[in-house]
There are 2 protein chains.
Amino acid sequence: MVERLSKRGKNILQAVVSEYIATGEPVGSRTISKKHNLDLSAASIRNVMADIEEIGYLSQPHTSAGRIPTDMGLRYYVDCILTVRKLTKKEKQNIDRTYRPQNLQLIDIMKETSSLLSNFSQYTGIIIAPKFGNMIFEQIEFIKLRKNQILAVFIPKVGKVRNKIIETEEELSQDELHKFTKYLNEILSDLSLKDVRKKIINEMKKEKNMCDWLLSQALRLSQEAFSSDMDDDVFIDGKFNIFDCPEFCDMEKVKTLFRAFEEKNILVKLLDQVIQGEGIQIIIGTENQFQEMQECSIIASPYTWGENASGTLGVIGPTRMNYCDIVPMVDYTARTVSKIMDTKYQ
Amino acid sequence: MVERLSKRGKNILQAVVSEYIATGEPVGSRTISKKHNLDLSAASIRNVMADIEEIGYLSQPHTSAGRIPTDMGLRYYVDCILTVRKLTKKEKQNIDRTYRPQNLQLIDIMKETSSLLSNFSQYTGIIIAPKFGNMIFEQIEFIKLRKNQILAVFIPKVGKVRNKIIETEEELSQDELHKFTKYLNEILSDLSLKDVRKKIINEMKKEKNMCDWLLSQALRLSQEAFSSDMDDDVFIDGKFNIFDCPEFCDMEKVKTLFRAFEEKNILVKLLDQVIQGEGIQIIIGTENQFQEMQECSIIASPYTWGENASGTLGVIGPTRMNYCDIVPMVDYTARTVSKIMDTKYQ
DNA sequence: ACTTAGCACTCTTTGATGTTGAGTGCTAAA
DNA sequence: TTTAGCACTCAACATCAAAGAGTGCTAAGT
């Protein structure tokens, strides 16, 4: 983002944005000259505002109203003006405390985090669990159910145990299944799920030549077990906080936004973009490609676990969010979660 | 419900209710005398309406408005006036077809049902999965994870496989665990989960005397495995249809209702009352104890599986629902689901 | 060359006022 | 017992004026 504003322009944009974030109403020149001691008269401010509007950073709902920042304006504000505040000790402690309890399962961490994000921000907190494909293989077990049904139990190093029922053509004895698992647990240990899938395909190619029936069965089975495109686990909290935002007083808006919340894969896609980058990322209004969400901003950060970037967390709120407060909070939360994930699972 | 209305009174209440259900607006005497050929003038209808209002079955939003039925009025209508219509062949086929695909897992049946109920009614469809306690034991397996961690996998005859991680004090070998499961699978086979819990407690008492270390370990473990008060599985579909009801144009109302939807245990409690009774049950507005839901009616029916009453399904909508259409549809769906559950799992 | 006071102008918001229409309750006649 | 007729009530709607917030422009001040 190019620096397109003079010092004065910045100050005034800053004032408009912060006033707008506080009130949600269009901001007039008088208000600024009074509340923000820029030592300028309303008239001067008006002139500058007109300039800024021309660039496209401000807009007027109607002729005789004040200005509100456009998405572009907010983007400039976030990139070139905003200096986030530091969290107080107390706030940090509050976040730390969330993860203090012993014996938190992954699922608890997720729930606590989404609720933390939502409570702090007073908007909607969201966290996406580590990607299935990034999970590290620890163990697989096959349990014989009925004649041609086998339950595959996949146990990752971290994360939720997953079951899958597999139908087989031939009947397999539990003994055979034990052999399978022993073999698989050996060759797959410590691989990420992605690599597991690759490895299985490679092994199958090898096996084609060697023609060991048991092994090829084992591989076939494991392929099925890992084939599923498991849903991403999304934890959302505080959906209803948006009811309290004056900008969402319109039924239609709420309706579409909620449909987006329901469509979890919209959220996943949106936040998956964040996982590529590093550190806090902010998506403002129309910057995201989903119409349903274009009244919202997302402040998100990837959190890591070990070396794999593993998930994303963040806050969804109206574009007029308090970026100054929420950005450092999301950041600190992401760091804390990363730390916890590391220590919990060596 | 006592018969408190004359034939004429009934006809007029019937007219008011059906008109109100159709339009959602207060109904005036003129409208009735015109549209429903009762061969009475508006003036006569007015007189009767005043009588009905006195009993408490109708009310006026304000002096110069028409009448709307009260919850009591709707209750009388449902009990003493309503004759439900029969489903057409096509509608029945539509419902049947939902369950035709082979290889539907329980979870699919649930999803399809909630969506079916919602689509047909244009309101919110809901189904509660068979109670955990009513599930029939088929198999349990213990898998050793790490030193003192064991994964218990519980496989019911019907329903979702469930995992639970158990921490133990002593380390147990996989061999020992095999012995445990063999023993447990024998003594628990075909019991309902409730009975399983009882049986385990009984066996533990016996064991205290016999002092077989392995057995008592096995029992302790299984007790832990079955201790969890698993969440009820609630499947809801079409939450957002209520946005389209004119009576929910008020933000506050939507807000509270949605909070109730979120609090799944409100829904569970509400529908659990239905499981006691037999056949279709209708809960109108303030008849339910939850304030959040007192603008809604619930049309629900238990569905069975084998001999155990096992779950509930139904439709949640505004009190001015089309009872005449939705009641038979919920009924038929409940019967169909029961049938499917029976045939799928002998 | 900036800055700013002053002013005319625009446009929303608010409240007051009147009108319309749906619906009621009562009365008296059929 | 029914119903036509009539006076009355009240929400909903439209119209209008006044207030207020804010702008843009101009001309004078620094």
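Every chain is numbered from 1 and lettered A, B, ... according to where its sequence line falls, protein lines coming before strand lines. Model, not experiment: these values are computed from the prediction.
Between the side chains of S115(A) and S118(A), no donor N or O sits under 3.5 Å from an acceptor N or O.
For the contact set between residues 32-42 of chain A and DNA chain C, defined by any heavy atom under 4.0 Å, the members are L40(A), S41(A).
Here dA21(D) is the nucleotide among dG25(C), dA21(D), dT4(C) with the atom lying nearest to any side-chain atom of S64(A).
In this structure, E25(B) has no salt bridge (Lys or Arg N to Asp or Glu O under 4.0 Å) partners at least two apart in sequence or on a different chain. Taking the salt bridge (Lys or Arg N to Asp or Glu O under 4.0 Å) definition, one finds that R46(B) meets it with nothing, sequence neighbours left out.
Dashed line: the shortest gap from a side-chain N or O of S29(A) to OP1 or OP2 of dT23(D) is under 4.0 Å. Checking the phosphate oxygens (OP1, OP2) of dT24(C), no side-chain nitrogen or oxygen of R30(B) falls inside 4.0 Å.
The overall bend of the helix from dA1(C)-dT30(D) to dA30(C)-dT1(D), read as the angle between its terminal helix axes built from five base pairs each, is 20° when rounded to 10 degrees.
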Under 3.5 Å, which N/O atoms of the protein pair with N/O atoms of nucleotides 17-20 of chain C?
none

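The list of side-chain hydrogen bond (donor to acceptor under 3.5 Å, both in side chains) pairs with a residue in residues 253-269 of chain A, not counting sequence neighbours, reads K255(A)-D244(B).
Between the base of dG24(D) and the side chain of R46(A) there is a donor-acceptor pair shorter than 3.5 Å.
Protein atom CD of E25(B) is 14 Å distant from nucleotide atom C1' of dG21(C), rounded to whole Å.
Among the heavy atoms of the strands lying under 4.0 Å from S44(B) is at least one base atom, whether or not backbone atoms are also near.
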